[in-house]
Amino acid sequence: MIITIKYFGLIAEVTNQSEESIDFSGRLISDLLNTLYAKYPDLKNKDFQVAQNQELVSESTEITGQELALLPPFSGG
Amino acid sequence: MIITIKYFGLIAEVTNQSEESIDFSGRLISDLLNTLYAKYPDLKNKDFQVAQNQELVSESTEITGQELALLPPFSGG
Amino acid sequence: MTDKKPKNVFKQGAISSEFIGESIAKHQTKTSIGAHNIFLGQVRADVIDGKTVTAIEYTAYEDMANAKFDEIRETAFEKFELTCMHIYHSLGVVKAGEICLFVFVSSPKRKVVFKALEYIVEEIKAQVPVFGKEIFEDDSHQWKKNM
Amino acid sequence: MTDKKPKNVFKQGAISSEFIGESIAKHQTKTSIGAHNIFLGQVRADVIDGKTVTAIEYTAYEDMANAKFDEIRETAFEKFELTCMHIYHSLGVVKAGEICLFVFVSSPKRKVVFKALEYIVEEIKAQVPVFGKEIFEDDSHQWKKNM
């Protein structure tokens, strides 16, 4: 399936874009991360969390295909 | 000696003045209070503290003759 | 007690929102500040025995009050890492809805300001000889007590 | 998650002291309020490795952030007896000395506002996907981390 991933802050600097759509056949967030690590080796050293449908999820969460985002540490305020 | 006493808030309503000087021969705050209770019987039922030289004092404090004040409960802010 | 005369904390009448806005603006040149915390006391239109409070008239034992405000300020600067602190209290009539107390603390770090502000406000309520006369719509009154 | 779209908390650029003053003024018709507590986050001109921060540029995952702000607001209203609550956060460039976060709570009673404000600010720092890029005088940058 085609899924869309948003990138923010430092992570968007690593991926050099704020959003992309990829053709993806894995099932879990961890599968997606492995795909992204292959594409962006620098991501591995970065601190970030994954959100799906605007909620933080763990690596073992199943991908539903809704809004996905890679979020570096929050620094509001 | 002649001492001057300031009254505030509800206490000034009981004494009907904000300040007075009286000729006083006692030694302690408690002596002064007895004099004032005789003069203003309603004072006995009122809640107040005594300040001397701008610090709260107890009934057993000696009177130095400096600034005396009868202060009802504080209600700033 | 020190020899220097303490700052006068009192202002005649209500504290305006413009004054508060200007106080905030003045701190924008202080670029070591990361967090401000502001407490505002506002006069409530409480209904007591069927009568509504329309205003509070504040009086104070001014010399002692300013000395106490000064002590509270000194102690707060010792206890907390503060860049700035300002306290203003009204005297005279302050109508319901108007502001009678303005306490403003600033620090490089946010955790400090919460603790400092609560400390200062509670000290003011407990230590400073200010007296509020609650005036009702029919011009009767009662003396306010702090909780 | 509810169906209703959450309020937009974000404002482009710095939050002005006039805006804060006007927000305070608007609450003077609410005469059940006895205490306001305001938190302001201000951009610090930190010196890091010899270079001075001149501004922070804020970006956010806006939809998620507004949903989180909404959750925080709802939870705070459940936990604390508040009359009003307002939250504003900057997006884009905010210069050192300018204000980037404005949180405003009001209640009949003062004890409530201290607890509520600290709770809300800490939740914002922990839960809301906002990202601050610290820009130095030489146009280099680093990504801010909250403590």
Side-chain angles (χ1 to χ4, degrees), chain A residues 1-22 24 28-30 32-33 35-37 39-77, chain D residues 1-2 5-6 9-11 15 39-44 46 53 56-72 87-91 94 98-103 117-118 120-134 140-147:
Chain A
M1 65 180 156
I2 305 287
I3 60 171
T4 301
I5 312 161
K6 293 170 188 280
Y7 304 114
F8 292 91
L10 179 61
I11 302 301
E13 289 186 347
V14 171
T15 62
N16 207 24
Q17 55 195 338
S18 61
E19 187 171 327
E20 70 175 324
S21 294
I22 61 171
F24 177 71
L28 303 180
I29 296 290
S30 56
L32 175 66
L33 290 178
T35 302
L36 294 175
Y37 290 150
K39 192 169 177 187
Y40 309 108
D42 283 354
L43 262 191
K44 264 193 188 138
N45 318 313
K46 303 303 178 195
D47 183 13
F48 65 88
Q49 296 177 285
V50 181
Q52 177 166 254
N53 196 20
Q54 299 178 18
E55 292 292 340
L56 298 178
V57 291
S58 74
E59 299 208 356
S60 59
T61 303
E62 280 200 38
I63 291 178
T64 60
Q66 289 176 285
E67 214 171 303
L68 284 158
L70 265 53
L71 306 174
F74 304 165
S75 52
Chain D
M1 286 226 179
T2 57
K5 193 163 163 66
V9 160
F10 292 106
K11 286 176 74 78
I15 296 162
F39 179 86
L40 303 173
Q42 183 166 301
V43 172
R44 277 198 315 266
D46 281 352
V53 173
I56 295 181
E57 185 179 359
Y58 287 103
T59 50
Y61 184 7
E62 289 186 55
D63 286 346
M64 178 174 165
N66 277 316
K68 287 289 168 195
F69 278 123
D70 211 51
E71 270 178 50
I72 294 169
I87 307 174
Y88 300 94
H89 198 297
S90 294
L91 282 185
V94 181
E98 292 183 330
I99 289 163
C100 56
L101 174 61
F102 170 27
V103 184
L117 187 70
E118 183 165 10
I120 295 164
V121 172
E122 294 303 324
E123 286 291 296
I124 291 172
K125 297 269 177 184
Q127 308 285 349
V128 180
V130 174
F131 313 102
K133 185 163 89 169
E134 294 178 312
S140 63
H141 72 263
Q142 73 170 21
W143 290 91
K144 192 177 168 232
K145 288 191 187 184
N146 276 350
M147 300 300 170

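Bear in mind that the values here come from a model prediction, so they are computed numbers and not experimental data. Residue numbers begin at 1 in each chain, while the letters A, B, ... track the order of the sequences.
- Along residues 9-19 of chain A, the residues that come nearer than 4.5 angstrom to chain D, judged on non-hydrogen atoms, are Gly9(A), Leu10(A), Glu13(A) in order of number.
- When the heavy atoms of residues 70-77 of chain A are compared with those of chain D, the residues falling under 4.5 Å are Leu71(A), Pro72(A), Pro73(A), Phe74(A), Ser75(A), Gly76(A), Gly77(A), listed by number.
- The candidate from Val130(D), Ile56(D), Ile124(D) with the greatest count of non-hydrogen atom pairs under 4.5 Å with chain A is Val130(D).
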Distance-only criterion, 3.5 Å: show the donor-acceptor pairs between side-chain atoms of residues 41-49 of chain A and protein atoms not counting sequence neighbours.
none

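- Residues Asn53(A) and Met64(D) fail the side-chain proximity criterion, which asks for heavy atoms closer than 4.5 Å.
- For chain A, the nearby part of Ala60(D) is the backbone; its heavy atoms alone come within less than 4.5 Å.
- Salt bridge status for Glu62(D) with Lys6(A): absent, with no side-chain N to carboxylate O gap under 4.0 Å.
- Glu62(A) meets the salt bridge (Lys or Arg N to Asp or Glu O under 4.0 Å) test with Arg27(A); sequence neighbours excluded.
- Contact annotation for Gln127(D): only backbone heavy atoms (N, CA, C, O) come within less than 4.5 Å of a heavy atom of chain A.
- The contact between Tyr61(D) and chain A is made by backbone and side chain atoms together, counting heavy-atom distances below 4.5 Å.
- Interface summary for chain A: among Glu57(D), His89(D), Gln42(D), the most heavy-atom pairs under 4.5 angstrom belong to His89(D).
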